[in-house]
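Heads up: the structure comes next, in structure tokens.
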Protein chains: 2
Amino acid sequence: MTKQQEASKRRDAKREAIIKAAIHIFGQKGFHAAKIQDIADFASIGKGTVYEYFSTKDELFLAVYDKWMDDFEAQMTASAAEHNNPVSKADALIDTAIDFYETHAQYAAILLEFWAHALRSDDKHFLERIRKMKQTLADLGADVTRQLKKVRAFTEVDAVSFSRLELGISDGIFLQWILDGKAYSLRDAYKFRQSVIGSGLMTTAFRKVMSLKTKKHLKEGFWKSPE
Amino acid sequence: MTKQQEASKRRDAKREAIIKAAIHIFGQKGFHAAKIQDIADFASIGKGTVYEYFSTKDELFLAVYDKWMDDFEAQMTASAAEHNNPVSKADALIDTAIDFYETHAQYAAILLEFWAHALRSDDKHFLERIRKMKQTLADLGADVTRQLKKVRAFTEVDAVSFSRLELGISDGIFLQWILDGKAYSLRDAYKFRQSVIGSGLMTTAFRKVMSLKTKKHLKEGFWKSPE
DNA sequence: ATAAATTGACCGACTCGTCGGTCGGCAAAA
DNA sequence: TTTTGCCGACCGACGAGTCGGTCAATTTAT
């Protein structure tokens with residue numbers, strides 16, 4: 001390994017260390033209340049050094065989110081790759097998601113702030129990162145959905161729309177769980193959700209009456225990609 | 001009307017005016033970037049006057065959220081009261097929710113900030129206000145669910161859990177829609193969701209296989225009230 | 001091999017604009 | 001004359017980002 005490579009490796013390691021400290025402080029205090037000085041202190045380096053690696057607080061914030069999303073995507077992709085049977089693949093994906101949500105529950109507030117930031121910031125990087133993550137997960141989900149249709153577990157449904165719906169639902173349940181003070185088991189909530197979505201709530205008779213409308217909706221879906 | 005009553009009415013009106021200005025500025029810039037001076041300017045009053053009506057920025061922020069939630073609760077309750085038939089009642093509730101979401105789409109970021117604020121703030125008012133709103137809506141939803149079971153439209157399901165699930169899902173879809181740059185119709189997304197939840201995605205054969213597990217989950221639910 | 005020179009990572013005191021909140025005074029109403 | 005509501009100049013804390021200086025490691029010169 002050349003000297004340059006070593007140096008750049010050291011640099012990367014330090015960068016990581018700063019991000020780690022930033023995760024801790026941002027997570028604890030939120031974006032606005034977290035001071036760069038706090039992060040520097042926690043990383044046991046000088047404040048000026050932080051600025052050698054990240055030119056603004058925003059950039060550091062984005063790096064933190066980036067790291068989370070990289071992790072999440074990697075875990076989900078790996079989890080999907082471990083299974084062939086689409087039913088167990090679906091289960092594995094949900095399980096992995098729950099694990100991630102549970103271990104990151106303490107960072108829920110900063111996630112919300114990040115989204116708010118993304119919606120407001122002129123810097124399109126934030127929104128793009130969110131969309132990239134959603135795209136990756138939606139692809140995984142759509143794939144599983146298609147397989148489930150193929151093995152006749154699922155009825156005719158637009159795979160992309162369903163996959164996107166699932167993403168929204170997952171976030172929604174997670175958020176609600178957080179806002180409800182984690183008073184119940186997140187896993188139970190997901191199980192309940194799965195039963196509702198799988199089986200539906202209508203009685204057989206009622207389902208027959210609604211069948212035409214329902215079929216149309218399921219087949220057509222709703223999803224269109226953002227511009 | 002006595003002099004005092006008139007005076008207090010004038011005071012309330014001004015309070016409302018300040019809240020209105022605050023909604024505009026908070027919505028546009030977010031909690032942190034919004035300056036009290038901006039709000040005062042927009043309301044065409046002096047900065048000091050704002051502090052005659054709200055003692056801190058936090059308090060004003062809470063008042064803004066309060067007003068939204070009061071509106072939302074009132075609209076949903078009114079909407080529910082207009083119908084007797086549970087099927088059309090459910091439709092009406094969903095319709096009202098979509099309307100509210102659509103007209104408040106511009107304020108999505110501030111909603112996220114509010115939730116983040118609530119999770120982090122020492123002031124329990126924020127979280128309590130959120131939970132009160134959720135409770136009101138969940139009661140409405142559980143009521144409709146019970147009626148739907150009674151008329152044999154819905155199968156056996158824990159009404160409270162389902163209602164709470166719906167709340168989470170609604171927020172999730174809304175959020176996703178916002179984050180996706182409103183690229184599709186929110187109403188279509190909701191329709192799709194309703195079809196999935198009503199009818200379920202499993203084929204008849206598969207549903208039979210899963211039936212026992214599903215029934216158990218639906219009946220038991222997941223929801224426990226936060227301490 | 002040793003000294004001198006160079007580099008660049010690291011640091012934290014400092015700057016400077018910002019903004020929540022205060023307060024003394026003013027003007028209109030009572 | 002007193003009270004009430006209103007105002008905006010002012011204050012002080014605060015924190016992002018800067019920058020000149022330090023020092024250890026590396027390179028070059030002797």
Side-chain angles (χ1 to χ4, degrees), chain A residues 1-22 24-26 28-64 110 113 117 120-123 126, chain B residues 1-22 24-26 28-64 110 113 117 120-123 126:
Chain A
M1 191 184 291
T2 69
K3 299 271 167 172
Q4 278 89 357
Q5 276 175 323
E6 261 177 52
S8 111
K9 205 168 175 182
R10 260 206 324 279
R11 197 179 158 77
D12 286 354
K14 190 143 216 166
R15 205 185 128 92
E16 283 300 303
I18 294 174
I19 291 177
K20 248 189 177 155
H24 185 254
I25 302 293
F26 277 140
Q28 194 171 73
K29 309 198 173 188
F31 179 73
H32 290 282
K35 289 134 215 161
I36 296 289
Q37 186 66 63
D38 294 339
I39 293 168
D41 287 352
F42 192 77
S44 306
I45 59 173
K47 179 179 170 184
T49 309
V50 174
Y51 282 92
E52 302 279 337
Y53 292 83
F54 302 93
S55 56
T56 61
K57 198 182 180 185
D58 259 40
E59 201 180 308
L60 180 53
F61 192 43
L62 183 56
V64 165
I110 198 74
E113 277 175 12
H117 207 86
R120 206 110 58 184
S121 169
D122 292 328
D123 187 344
F126 291 91
Chain B
M1 189 183 294
T2 69
K3 300 272 171 175
Q4 277 89 357
Q5 278 174 324
E6 262 177 51
S8 112
K9 204 168 176 181
R10 259 205 327 278
R11 197 177 160 78
D12 285 355
K14 191 143 214 168
R15 204 186 131 91
E16 284 299 302
I18 295 174
I19 291 177
K20 248 189 177 157
H24 184 254
I25 302 293
F26 277 141
Q28 194 170 72
K29 309 197 174 186
F31 178 74
H32 290 281
K35 289 131 214 163
I36 297 289
Q37 186 67 63
D38 294 339
I39 293 169
D41 287 351
F42 192 77
S44 307
I45 59 172
K47 179 179 164 182
T49 310
V50 174
Y51 281 92
E52 302 281 336
Y53 291 82
F54 301 93
S55 56
T56 62
K57 196 182 180 184
D58 259 39
E59 200 181 308
L60 180 52
F61 191 43
L62 184 57
V64 165
I110 199 73
E113 277 174 13
H117 207 85
R120 206 113 53 188
S121 169
D122 292 328
D123 187 345
F126 291 92

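Letters A, B, ... are given to chains in the order of the sequence lines, protein chains preceding strands, and every chain is numbered from 1. On a predicted model such as this, the values are computed, not experimentally measured, just so you know.
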Review item, nucleotides 22-26 of chain C N/O atoms under 3.5 Å of protein N/O:
none

Tell me what A/Tyr53 touches on the nucleic acid: a base, only sugar-phosphate, or nothing, going by heavy atoms under 4.0 Å. sugar-phosphate

Per A/Lys57 side chain, nearest of listed nucleotides C/dG21, D/dG17, C/dC19: D/dG17

Can you sort out the partners of B/Lys35 under salt bridge (Lys or Arg N to Asp or Glu O under 4.0 Å), two or more places apart, ordered by chain and number? none

Rounded to whole angstroms, how far apart are CD1 on A/Ile39 and C1' on D/dG15? 12 Å

Restricting to non-hydrogen atoms, name the atom on B/Ile36 and the atom on B/Lys57 that form the minimum distance, rounded to 0.1 Å. CD1-CG, 3.8 Å

Would you mind reading off the distance between A/Lys35 atom NZ and C/dA13 atom P, rounded to a whole angstrom? 17 Å

What integer distance in Å separates A/Ile36:CD1 from D/dC19:P? 17 Å

note: A/Arg11, atom CZ; C/dC10, atom C1'; distance rounded to Å ~ 12 Å

Taking atom P of C/dG21 as reference, at what distance in whole Å does atom CZ of B/Phe61 sit? 14 Å

Contacts of type ring pair (Phe, Tyr, Trp, His ring centres under 6.0 Å), residue B/His117, not counting sequence neighbours: B/Phe31, B/Phe61, B/Phe126

Salt bridge (Lys or Arg N to Asp or Glu O under 4.0 Å) pairs touching residues 38-54 of chain A, sequence neighbours excluded, are A/Lys29-A/Asp38

Sequence neighbours left out, what passes side-chain contact (heavy atoms from CB on, under 4.5 Å) with A/Phe42? Give chain and number order. A/Ala21, A/His24, A/Ile25

CZ of B/Phe26 to CD1 of B/Ile39, rounded to nearest 0.5 Å, is 4.0 Å

Taken to the nearest whole Å, CG/B/Leu60 to P/C/dG21 is 10 Å

Can you tell me how far C1' of C/dG20 sits from CD of B/Glu59, to the nearest Å? 14 Å

Name all residues meeting the side-chain contact (heavy atoms from CB on, under 4.5 Å) criterion together with A/Thr56; count only those two or more places apart in sequence or in a different chain, and write none if there are none. A/Asp58, A/Glu59

Just checking A/Ala33: base, sugar-phosphate only, or nothing, at a heavy-atom cut-off of under 4.0 Å? nothing

Establish, with yes or no, whether the OP1 or OP2 oxygen of C/dA9 is under 4.0 angstrom from a side-chain nitrogen or oxygen of A/Thr49. no

Whole angstrom value for the distance that separates P of C/dG20 from NE2 of A/His32: 12 Å

